Amino acid sequence: MPSLSVFGVQWGDEGKGKIIDRLAADADVVVRYQGGANAGHTMVVDGEKTVLHLVPCGVLHPGTKNVVANGVAIDPIQLLAEVDGLRERGVEVTGETLRVSSGAHLIFEHHRQMDRLSEHWLGDGRIGTTGRGIGPAYADKASRVGLRVGDLLDPNRCRTRLSAALAEKNATIERVHGAQPLDLDAELESAVALGDRLRPFVGDTGAEVRADYRAGKRILFEGAQGIMLDIDHGTYPFVTSSNTGTAGIPAGAGFPPGHIDRAIGIAKAYCTRVGEGPFPSELAGEVGEAIRAAGNEYGATTGRPRRCGWFDAVAVRYGLALNGADGWVMTNLDVLSGFDELSVATAYVVGGELTSEYPAHPPALDGCEVRYETRPGWEGDISGLRRYEDLPENARAYVEWVEELVGTPIVMLSIGPDREQVISRGL
Ligand code: GDP
């Protein structure tokens with residue numbers, strides 16, 4: 001498989017970190033192409049847990065190249081802290097194994113401040129961001145006032161660009177929000193120092209990855225967040241600020257669309273969502289609580305409890321179709337053990353019409369009626385099983401039923417957080 005796009009099909013937290021870490025064993029290069037440190041990817045290898053926010057999930061495989069491409073919004077402090085943390089644990093991170101695009105946009109303190117201040121002003125319309133400055137950094141990118149990694153390496157250019165950006169941001173912070181402005185000299189000094197530390201990793205990652213592809217290297221594109229949080233195709237405005245699926249790769253990594261050879265989605269056996277916004281199959285009561293407890297559904301980045309609900313076949317079908325996926329991985333099947341019955345959202349009633357299509361205008365989902373079908377559950381811990389035929393009959397029936405509802409093959413099942421806890425169905 002020369003190049004493979006792996007992306008989340010729901011609202012993020014689908015267990016991408018674990019699956020990408022596993023698939024990275026067969027990859028030469030792992031590329032992050034969008035999002036920022038709001039995504040937390042968790043990997044468990046031999047019981048040891050690693051949570052990464054910016055460094056791609058191939059880093060635990062010695063010799064694999066990990067690329068933070070131009071489409072990622074990089075918080076340099078966070079990125080370097082992750083590098084330090086990995087090195088302290090004996091993971092090799094060098095200018096060969098970690099590559100950072102000179103074209104990636106940067107997140108500064110003023111972005112974090114603006115993120116928090118604007119959320120506060122939105123009141124009930126707040127988006128529920130992680131407050132890490134990612135939205136404001138992408139806004140600056142689109143407004144053409146952002147700074148990119150390459151700018152940090154040139155102190156004069158950095159001073160000119162940062163002074164201009166900060167003058168305007170400080171005026172807003174002070175006069176609109178009534179908060180304390182930032183000190184330009186201190187910000188500059190810190191930016192240049194961060195640039196010096198980043199320098200060994202920085203390059204033209206687009207050109208490097210294209211050359212790797214031409215040389216026959218296996219490239220894995222690591223999506224962050226999920227399709228339902230895509231800025232164009234998700235539940236706008238309750239979305240993240242980038243294109244979260246395969247469509248984000250060409251722009252976000254400088255990689256030709258026609259060279260993306262395969263796309264595979266990742267979805268949980270149920271649904272979760274962090275933050276505000278439409279979530280048709282949400283379970284507000286006891287069953288939702290039970291899923292949260294069984295799946296330990298609390299955010300890897302913020303610790304926030306995740307909203308939980310039944311698997312939504314309408315949303316997953318939409319996400320897979322949008323990205324041209326020919327297979328998907330169902331994660332967290334183990335979490336559903338012990339429920340008497342399991343339901344799946346199979347259709348919505350939108351504006352009085354029954355539909356199995358995801359609506360183009362997400363506000364249509366507000367208060368929409370969801371149609372469910374239900375099947376019996378199963379008992380017992382399935383996390384130690386490795387063969388499909390060993391799963392309880394009702395677990396297999398659930399998997400095959402959901403696969404049929406979604407209409408795309410399930411190529412792997414994940415039945416626990418550890419790298420080894422999978423059942424292959426072709427992948
Ligand atoms: P990501 O953002 O998609 O990488 O997902 P997160 O790392 O935020 O959340 C996934 C959580 O579920 C992490 O704590 C993982 O260790 C864990 N996890 C991943 N796959 C499975 C699985 O199949 N079963 C269970 N029980 N936990 C899993």
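One-based numbering, in listed order, for ligands and for the atoms of each. Throughout, residue positions are numbered sequentially from 1 according to the sequence presented. Because the structure is predicted, anything quoted here is derived from the model rather than measured.
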Peer 1: Does NZ or CZ of Arg306 fall inside the cone over Tyr298's six-membered ring, less than 6.0 Å from its centre and within 45° of the axis?
Peer 2: no
Peer 1: Given 3.5 Å as the limit, does a donor-acceptor pair link the side chain of Lys49 with the main chain of Met43, or not?
Peer 2: no
Peer 1: Taking both backbone and side-chain atoms of Leu333, is any N or O found less than 3.5 Å from an N or O belonging to ligand 1?
Peer 2: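 Not met; the criterion fails.
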Peer 1: Show the atoms of ligand 1 that are less than 4.0 angstrom away from any heavy atom in Lys18.
Peer 2: 20 (N)
Peer 1: Of the non-hydrogen atoms in Leu427 and Met412, which two are nearest, and what is the gap between them?
Peer 2: O-CE, 3.5 Å
Peer 1: Work out whether the distance between some heavy atom of Arg306 and some atom of ligand 1 is less than 4.0 Å.
Peer 2: yes
Peer 1: Within ligand 1, which atoms have a heavy atom of His41 less than 4.0 Å away?
Peer 2: 1 (P), 2 (O), 4 (O), 7 (O)
Peer 1: Give the ring-plane orientation class for Phe255 versus Tyr213, where under 30° counts as parallel, over 60° as perpendicular and anything between as tilted.
Peer 2: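 Ring orientation, 0 to 90° scale: perpendicular.
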Peer 1: Would you confirm whether Arg22, through its side chain, and Arg419, through its main-chain N or O, come within 3.5 Å as a donor-acceptor pair?
Peer 2: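 Yes, Arg22 side chain to Arg419 backbone: donor-acceptor pair under 3.5 Å.
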Peer 1: Would you indicate which of Thr272, Thr42, Val51, Asp418 comes nearest to atom 14 (O) of ligand 1 when only heavy atoms are counted?
Peer 2: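 Looking at heavy atoms only, Thr42 sits closest to atom 14 (O) of ligand 1.
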Peer 1: Below 4.0 Å, non-hydrogen atoms only: which portion of Ile415 touches ligand 1? Side chain, backbone, both or neither.
Peer 2: backbone
Peer 1: Kindly write out the residues that satisfy side chain to side chain donor-acceptor pair (under 3.5 Å) with Ser424, not counting sequence neighbours, or none if the list is empty.
Peer 2: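 Side chain to side chain donor-acceptor pair (under 3.5 Å) list for Ser424, sorted by chain: empty.
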Peer 1: Checking the side chain of Asp261 only, and the main-chain atoms of Ser3 only, is there a donor and an acceptor separated by less than 3.5 Å?
Peer 2: yes
Peer 1: Under 4.0 Å from any heavy atom of Ser414, which atoms of ligand 1 are there?
Peer 2: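 Answer for ligand 1: 20 (N), 21 (C), 22 (C), 23 (O).
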Peer 1: Heavy-atom contacts with Gly416 under 4.0 Å: which atoms of ligand 1 show up? List them by number with element.
Peer 2: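 So the answer, numbered in order with elements, is 20 (N), 21 (C), 22 (C), 23 (O), 24 (N), 25 (C).
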Peer 1: Tell me yes or no: between the side chains of Ser337 and Trp378, is some donor less than 3.5 Å from an acceptor?
Peer 2: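 Yes, because at least one side-chain N or O of Ser337 sits under 3.5 Å from a partner of the opposite role on Trp378.
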Peer 1: Tell me whether Gly17 has any N or O atom under 3.5 angstrom from an N or O of ligand 1.
Peer 2: yes
Peer 1: Out of Ile266, Val274, Asp21, Asn332, who gets a non-hydrogen atom closest to atom 22 (C) of ligand 1?
Peer 2: Asn332
Peer 1: Would you mind running through ligand 1 and noting each atom that sits below 4.0 Å from a heavy atom of Val335?
Peer 2: 26 (N)
Peer 1: For atom 26 (N) of ligand 1, which of Asp334, Ile382, Ile20, Leu52 has the closest heavy atom?
Peer 2: Asp334
